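Computed from a predicted structure; not experimentally measured. Count residues from 1 along the sequence.
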Amino acid sequence: MAESIFSTEHLPVADRLACWRELMAKALVPASICSDDPDFRAKARLADLGVAQLTSISYPALTVCRTPKLIRQSDPEQYQACLTVRGGMRLDHLARTAILHGGDLVVYDSSRPFQAQPTSGEGTVEHIVVQFPKALCPLPEKEITRLIAVGLPGRDGLGRLLSRYLRELALGQSDRSPADSSRLAAITVDLVMARLAHELEAERSLLPEGRQQALLARIHDFIARRLPDPRLTPENVADAHQISLRYLYKLFQAEGLTVAGWIRNQRLERCRRDLADPRLRERSINAIATRWGFGDAAHFSRLFRATYGLPPRDYRHLAHSEGMRERPTSVHRRSTT
């Protein structure tokens, strides 16, 4: 996955706003950007997923205007789904006004004029923007238009799931392969479409693959929130989503894992992160294993060694000595299904 990081902090103050304007024109869409902030410290992380683009941005108070003239000059004919991570924003688009807060999602149409600005003149605003061609959208344009500049909350259900997914995706992993990026692009667009379709009460309009992917994402989220419970079973997962155990197994077969294997791998990964976290240095290995649903310390140790190539204690020592935090650098994960 092609990824780049940009910051105005290393530029002369007089050049910062102009450089930011140029970057946003290339990364998102050409727009007029004005700011009274004399320092203008802004950052962006851009990830190219192929058919979809993911852009994380943080910036001070500014006003963004996409005018009819700019649209005539350049229109990529894309939808942009923007998640507000921090701060607030006002969006005027299609004769509508949306006031957005942290966790809210809103959709832009690159072919229509809009104006956006923070609702407060102080502090930094952060967004995650997903953009993709309109041609990829399985919902009719007139249906999507109903949701342009409409704030969609992300506190529960699919909204919370999509918000959590985009935040994790925005953390970035530059070592993803092109195949990984292509798959992530498809998943991302499917989840955005599922969120919009849910709001429109038109989930049946989605392609079968999109509905299946949205269901699998909801299942992943359900499992992630219940990993500490040692009583979590595939039967629990199937019952919670009102599907048969057989269909649940079928969904995970496409992922190349069994349901139990996926749960086990997620628990092991949480344990690995905790073991590598210097803030948890004083927490015992057994306490970490128990925290993530492993009731048998010996069984956990065997699984961990089989997966990461080292016993938990040795892995923790290596992680801290190398200053690792979120990834194994000298240890390669082994496949466990």
Without swapping roles, check the side chain of [X] against the backbone of [Y] for a donor-acceptor pair under 3.5 Å.
X: H101; Y: T84; answer: no
X: R21; Y: S32; answer: no
X: S110; Y: Q78; answer: yes
X: R90; Y: A116; answer: no
X: S35; Y: A61; answer: yes

- Query: Aromatic ring centroids of F252 and H220 under 6.0 Å?
  - Reply: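 Close enough - the centres of the two rings lie under 6.0 Å apart.
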- Message: Among residues at least two apart in sequence or on other chains, which ones pass salt bridge (charged side-chain N to carboxylate O under 4.0 Å, His left out) with R313?
- Response: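 Counting only residues at least two positions away or on another chain, R313 forms no salt bridge (charged side-chain N to carboxylate O under 4.0 Å, His left out).
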- Whether F40 and W20 hold their rings parallel, tilted or perpendicular, with breakpoints at 30° and 60°: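 Perpendicular.
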- Message: List the residues meeting side-chain hydrogen bond (donor to acceptor under 3.5 Å, both in side chains) with Y108, not counting sequence neighbours, and say none if there are none.
- Response: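 Y108: no side-chain hydrogen bond (donor to acceptor under 3.5 Å, both in side chains) contacts found.
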Within-4.5 Å side-chain heavy-atom neighbours: [X] and [Y]:
X: D109; Y: I144; value: no
X: Y165; Y: T188; value: yes
X: L232; Y: R267; value: yes
X: Q131; Y: L28; value: yes

